[in-house]
Asker: 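This structure is in structure tokens; I'll ask about it shortly.
Throughout, a chain's letter reflects where its sequence line sits, starting with A, and its residues are numbered from 1.
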2 protein chains.
Amino acid sequence: MSTLCKFETALEILVGKWKPVILLQLFANGTMRFSELQKAIPDITKKMLTQQLRELQYHDIIHREVYNQIPPKVEYSITEYGQQLTPLLQAMNDWGTAHIAHLQELYGEEHSARSLKRN
Amino acid sequence: MSTLCKFETALEILVGKWKPVILLQLFANGTMRFSELQKAIPDITKKMLTQQLRELQYHDIIHREVYNQIPPKVEYSITEYGQQLTPLLQAMNDWGTAHIAHLQELYGEEHSARSLKRN
DNA sequence: CAGGATCCAAAAAGATACTG
DNA sequence: CAGTATCTTTTTGGATCCTG
């Protein structure tokens, strides 16, 4: 298996418009219910939230705990294995922080990371 | 600016179907011409290659050197600033490697990182 | 050779309505 | 409450043809 493949694996797991937000919430707040995540991420739809949570769950990064009661209650949390992502997330965050500064130095305030995408 | 935003910045730069391959090629081989990149990444179209190269260039990760001659010659290379990505790329690669092993432990050989996407 | 431009297909995301 | 299901829109990527 190529290096490339491995590299891309990391991207696959972290990519998805909402995964970073979800992970950040769970890392910050520990256990959260579905509705709490919705409140914390107002713009996400239920469909997207569910979908991204399932993918993270498949990858053993988050745990889904279902309380069999009415009304239903489902709690999400980072798995022990998922905690191993911390250094990587931290590294990405650090690089991102530095890079925003770098971009502003290059192009000034008015430019965002997305500037080029619009052409 | 939120932590989230910074985190996502890193993703934005690295994401795109072909960016990992392109970066890997350039990190591995140093300077490469457009046509060499094409040969090294047979499945990529010119359009995609150009597009992704421009994005990486905008982010000051790669340098584009144009030789004003006929036929044209354009060489791409990692900028000094771009070299700073090395630890992050390495971290992503390492985590990806470990994660592939983890997935196989969980689900066996037949499952890929993408398994869940098909539903 | 290194692309730009245009059109088209596929994938991802969003809106909305419904359910145990 | 915590989802599904379905449909529509947006975003990406690919195919093809053209050019200095």
Asker: Given atom CG of A/Leu49 and atom C1' of D/dT4, what is their separation to the nearest angstrom?
Answerer: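 Spelled out: CG on A/Leu49 to C1' on D/dT4 is 14 Å.
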Asker: Can you pull out the residues from residues 28-39 of chain B that lie within a 4.0 Å heavy-atom distance of DNA chain C?
Answerer: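 Those residues are B/Arg33, B/Phe34, B/Ser35.
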Asker: Under 4.0 Å between any heavy atoms, over every strand shown, what does A/Lys73 touch: base, sugar-phosphate, or nothing? Just pick one.
Answerer: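 The residue A/Lys73 makes sugar-phosphate contact but no base contact.
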Asker: Does A/Trp18 or B/Pro72 map to a spot on DNA chain C nearer the 5' end, using the closest nucleotide for each?
Answerer: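 It is B/Pro72, whose closest nucleotide lies nearer the 5' terminus.
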Asker: So, do B/Thr86 and B/Ile78 sit near enough that their side-chain heavy atoms are less than 4.5 Å apart?
Answerer: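 Sidechains of B/Ile78 and B/Thr86: no contact.
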Asker: Which angle, to the nearest 10 degrees, lies between the helix axes at the two ends of the helix from C/dC1-D/dG20 to C/dG20-D/dC1, each defined by five pairs?
Answerer: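 Computed angle between terminal axes is 50°.
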Asker: Between A/Arg64 and A/Lys47, which is nearer to the 5' end of DNA chain D once each is assigned its nearest nucleotide?
Answerer: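 The residue mapped nearer the 5' terminus is A/Arg64.
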Asker: When you check the phosphate oxygens OP1 and OP2 of C/dG3, does a side-chain N or O of B/Arg54 lie under 4.0 Å from one of them?
Answerer: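 B/Arg54 to C/dG3 OP1/OP2: side-chain N or O found under 4.0 Å.
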Asker: Going by heavy atoms in the side chains, are A/Leu49 and A/Trp18 under 4.5 Å from each other?
Answerer: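 Side chain of A/Leu49 against side chain of A/Trp18, heavy atoms only: no contact under 4.5 Å found.
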Asker: I need the NZ-P distance between B/Lys46 and D/dG20, as an integer number of Å.
Answerer: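 Value for this atom pair: 15 Å.
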Asker: Please give me the minimum heavy-atom distance between A/Ile62 and A/Leu53, naming the atom from each residue.
Answerer: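 In this case the closest contact between A/Ile62 and A/Leu53 is CD1-O, 3.3 Å.
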Asker: Give me the atom names and distance for the closest heavy-atom approach of B/Tyr107 to A/Gln57.
Answerer: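 Between these two residues, the closest heavy atoms are OH-O, 4.3 Å.
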Asker: Mind checking if B/Tyr76 touches a base, just sugar-phosphate, or nothing, with heavy atoms under 4.0 Å?
Answerer: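 If one applies the 4.0 Å heavy-atom cut-off, B/Tyr76 turns out to touch the sugar-phosphate alone, with no base involved.
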Asker: Starting at atom CD of A/Gln51, determine the distance to atom C1' of C/dA11, rounded to an integer number of angstrom.
Answerer: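 The distance from CD of A/Gln51 to C1' of C/dA11 comes to 11 Å, rounded to the nearest Å.
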Asker: Quickly work out the A/Asp43 CG to C/dA13 C1' distance and round it to whole Å.
Answerer: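 In whole Å, C/dA13 C1' and A/Asp43 CG are 13 Å from each other.
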Asker: What is the distance from CD of B/Gln52 to C1' of C/dA2, rounded to the nearest Å?
Answerer: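 Answer to the nearest Å: 17 Å.
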Asker: CD1 of A/Ile70 versus P of C/dT19: gap in Å, rounded?
Answerer: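 About 16 Å, once rounded to whole Å.
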Asker: Rounded to the nearest angstrom, tell me the gap between atom CD1 in A/Ile22 and atom C1' in C/dA13.
Answerer: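 Answer to the nearest Å: 13 Å.
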Asker: I want to confirm an ordering. Mapping A/Pro71 and B/Met48 to their closest nucleotides on DNA chain D, which one lands closer to the 5' end?
Answerer: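 Whichever sits nearer the 5' end wins; that is A/Pro71.
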Asker: Please tabulate, one pair per line, all N/O donor-acceptor pairs under 3.5 Å involving side-chain atoms of residues 30-38 of chain B, not counting sequence neighbours.
Answerer:
| unit_1 | atom_1 | unit_2 | atom_2 | d |
| --- | --- | --- | --- | --- |
| B/Arg33 | NH2 | B/Pro72 | O | 3.4 |
| B/Glu36 | OE1 | B/Arg33 | N | 2.8 |

Asker: Distance check needed: C/dA2 C1' versus B/Asn68 CG, whole Å only.
Answerer: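 The distance from CG of B/Asn68 to C1' of C/dA2 comes to 12 Å, rounded to the nearest Å.
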Asker: Should the heavy atoms of other residues, nucleotides or ligands under 6.0 Å from CD of A/Gln69 be counted, would the total exceed 12?
Answerer: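 Above 12, so yes.
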Asker: Using 30° and 60° as the class limits, which term best fits the ring planes of B/His99 and A/Tyr81: parallel, tilted or perpendicular?
Answerer: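 Geometry flag for A/Tyr81 against B/His99: parallel rings.
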Asker: What are the two closest heavy atoms between B/Gln83 and B/Phe27, and how far apart are they?
Answerer: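 B/Gln83 and B/Phe27 have their closest heavy atoms at OE1-CE2, 3.9 Å.
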Asker: Hey, any chance B/Tyr76 and B/Val66 share a hydrophobic cluster, counting ILVMFWY side chains that come within less than 4.5 Å of each other, even indirectly?
Answerer: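 They do share one cluster, since a chain of ILVMFWY contacts under 4.5 Å joins B/Tyr76 to B/Val66.
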